[in-house]
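In what follows, a single structure is set out as structure tokens and then discussed.
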Amino acid sequence: MGHATPAGTDRAAPPSPSRPALHARTAVYVVFGLNGAAFSNWMARVPAVRDALHFTPGRIGLLLLAVSVASVATMPLTGMVVNRIGPRATIAAGAVIMCAGLATAGIGAQALVSVPIVAVGLFALGVGNSGWDVAMNVAGADVEQRLSRSIMPRFHAAFSLGTVAGAGLGALGAAWHVPLSAHLAAVAVVVLAATLVAVRWVLPTLDTHTAADAAGGATPVKRPHPLAVWLEPRTLAVGFFVMMLALTEGSANDWLALATVDGYHASQATGAIGFAVFVAAMTIGRVSGTALLDRFGRVAVLRVTIGLAVAGLLVFLSGASLVTAMGGALLWGLGASLGFPVGMSAAADDPARAAARVSAVASIGYLAFLAGPPVIGFLGDHVGTLHSLVAVLVALMIGLVLVSAVRPPGAKR
């Protein structure tokens with residue numbers, strides 16, 4: 001298998017990057033990290049939300065559905081928004097909406113004990129995250145093209161670092177009994193302020209420059225309708241692969257802390273630590289995975305990592321002891337680390353259609369977040385939260401079947 005590059009072709013040694021490109025790279029790292037921190041602070045406190053609202057696993061699963069419904073409903077249109085206003089403005093708008101939703105959900109759960117207000121907050125969180133997610137992946141793909149390096153997994157590693165920090169903060173909040181509403185409101189304010197500062201260094205995409213050059217008198221660029229990518233077989237296959245790996249990752253985000261609490265009779269703080277172990281392992285996998293992808297190619301590396309995810313999930317589900325559960329979470333996180341970022345890179349192999357394809361692939365992938373919480377919650381009501389995660393094993397098997405779709409166009413088998 002040949003080396004993987006952002007465009008899927010071999011390249012000469014890249015030229016020295018410009019200062020704006022380096023600043024943009026740093027800015028993309030930061031916005032990925034802040035997005036992860038905002039989301040994982042919410043996920044780490046799900047047990048507290050469950051207790052505040054006196055919900056069963058099935059009911060909390062239905063409540064979490066609000067995030068997924070919002071994301072799936074708005075994400076197909078996000079590519080057009082990014083094409084229209086650019087990734088910088090889309091990230092900023094998404095951060096405002098997401099942080100407002102985060103604070104609202106926390107206040108609704110504890111201060112007001114109102115399920116409708118929590119649902120509204122989670123819906124806003126999903127809408128904001130939808131725009132922020134697609135736009136930062138488009139910005140990351142643009143930086144890959146500017147630097148001629150496959151660094152998308154490292155951007156997602158920054159997301160994982162953010163989730164580690166957020167999960168750690170969530171664990172401290174649970175251990176110190178910090179009021180849920182105060183915790184999430186404070187996180188929302190800090191994340192929003194930092195994002196609005198960092199996003200100033202995100203550059204217009206290379207495709208945007210091409211369109212501007214055409215408007216200035218250069219050869220016109222034919223721009224197909226963004227929704228046309230939904231008819232492309234490779235785009236759809238990559239999307240379904242991302243869906244399976246998103247379920248693998250998302251089920252841990254939604255249920256790992258709660259499964260540790262319920263399945264191993266652990267404290268809420270210990271459940272948050274288990275989630276932190278998972279996201280820490282994902283960070284390690286994403287930082288080290290870039291070199292492996294360049295050396296061995298996407299398909300070979302993903303087959304190995306999916307195998308690790310299967311092994312880790314089986315260990316976590318064994319119920320042997322809390323120590324082995326933490327070991328299972330570690331392997332699970334390593335195995336789940338590369339699927340989503342490699343899928344985003346595969347969607348963005350052609351920079352001219354990156355926004356539309358990333359939007360389509362992300363939309364399909366987010367269906368896992370739509371179906372996952374209620375399905376696993378329903379199973380949890382019947383077999384327990386821990387054993388309900390057996391459903392994730394099925395998704396991993398399907399992911400193995402679809403993994404060849406992410407091979408870069410023109411790469412050797």
Side-chain angles (χ1 to χ4, degrees), residues 4-9 11 14-36 75 78-95 130-159 195-196 198-215 218 221 223-224 226 229 235 238 242 286 290 293-294 298 340-363 406 408-409:
T5 67
T9 57
R11 295 182 178 181
S16 298
S18 65
R19 187 178 296 274
L22 293 176
H23 289 167
R25 180 186 63 184
T26 302
V28 173
Y29 277 131
V30 171
V31 297
F32 264 87
L34 290 170
N35 182 268
M75 196 164 283
T78 304
M80 290 186 284
V81 174
V82 175
N83 278 331
R84 178 64 62 87
I85 67 176
R88 178 191 299 168
T90 308
I91 291 169
S130 172
W132 190 345
D133 192 322
V134 171
M136 71 185 183
N137 275 286
V138 171
D142 181 68
V143 171
E144 279 194 326
Q145 298 296 327
R146 292 177 186 274
L147 302 183
S148 298
R149 296 182 59 198
S150 299
I151 58 174
M152 184 69 85
R154 292 188 177 176
F155 291 137
H156 284 261
F159 175 87
T195 302
L196 293 180
V199 79
R200 295 169 58 194
W201 283 274
V202 173
L203 296 173
T205 63
L206 290 172
D207 190 35
T208 300
H209 285 305
T210 302
D213 292 341
V221 178
R223 299 173 63 85
V229 300
T235 299
V238 171
V242 169
R286 285 171 174 171
T290 296
L293 289 164
D294 286 338
R298 294 172 180 171
F340 199 95
V342 171
M344 293 298 103
S345 265
D349 278 331
D350 177 7
R353 308 192 73 179
R357 287 182 175 139
V358 168
S359 176
V361 167
S363 298
V406 303

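Not measured: the values here are computed from a predicted model.
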- Step-by-step salt bridge (charged side-chain N to carboxylate O under 4.0 Å, His left out) determination, Arg298 to Asp349: CA-CA 13 Å; Arg298 294 172 180 171; Asp349 278 331; 2.9 Å; yes
Validation: residues 19-29 side-chain donor-acceptor distances under 3.5 Å, sequence neighbours left out:
from, atom 1, to, atom 2, distance (Å)
Thr26, OG1, Leu22, O, 3.2

Could you list the residues that satisfy side-chain hydrogen bond (donor to acceptor under 3.5 Å, both in side chains) with [X], not counting sequence neighbours?
| X | result |
| --- | --- |
| Thr78 | Ser130 |
| Asp133 | Asn137, Tyr366 |
| Thr290 | none |

- What is the minimum heavy-atom distance between Ala356 and Val229, and which atoms define it? O-CG2, 3.6 Å
- Provide the closest heavy-atom pair for Ala355 versus Val82 in the form atom of the first, atom of the second, distance. CB-CG1, 4.3 Å
What is the distance from atom [atom1] of [X] to atom [atom2] of [Y], rounded to the nearest 0.5 Å?
| X | Y | atom1 | atom2 | value |
| --- | --- | --- | --- | --- |
| Ser363 | Met75 | OG | CE | 6.0 Å |
| His156 | Ser345 | NE2 | OG | 7.0 Å |
| Ile91 | Leu196 | CD1 | CG | 11.0 Å |

Could you tell me if the side chain of [Y] sits less than 4.5 Å from the side chain of [X], heavy atoms only?
| X | Y | result |
| --- | --- | --- |
| Arg146 | Leu203 | yes |
| Thr90 | Trp132 | no |
| Pro87 | Met136 | no |
| Leu293 | Pro153 | yes |
| Trp201 | Val30 | no |
| Val138 | Asp142 | no |

- Query: Mind checking what makes salt bridge (Lys or Arg N to Asp or Glu O under 4.0 Å) contact with Arg286, not counting sequence neighbours?
  - Reply: Glu249
- Take Arg88 and Arg200, measure what side chain to side chain contact (heavy atoms under 4.5 Å, CB included) needs, and give me the verdict at the end. CA-CA 7 Å; Arg88 178 191 299 168; Arg200 295 169 58 194; 5.8 Å; no
- Message: For Phe32 and Phe155, take the angle between the two ring planes, folded into 0 to 90°, and tell me which bin it lands in: parallel under 30, tilted 30 to 60, perpendicular over 60.
- Response: parallel
- Who are the side chain to side chain contact (heavy atoms under 4.5 Å, CB included) partners of Ala347, not counting sequence neighbours? Arg357, Val358, Val361
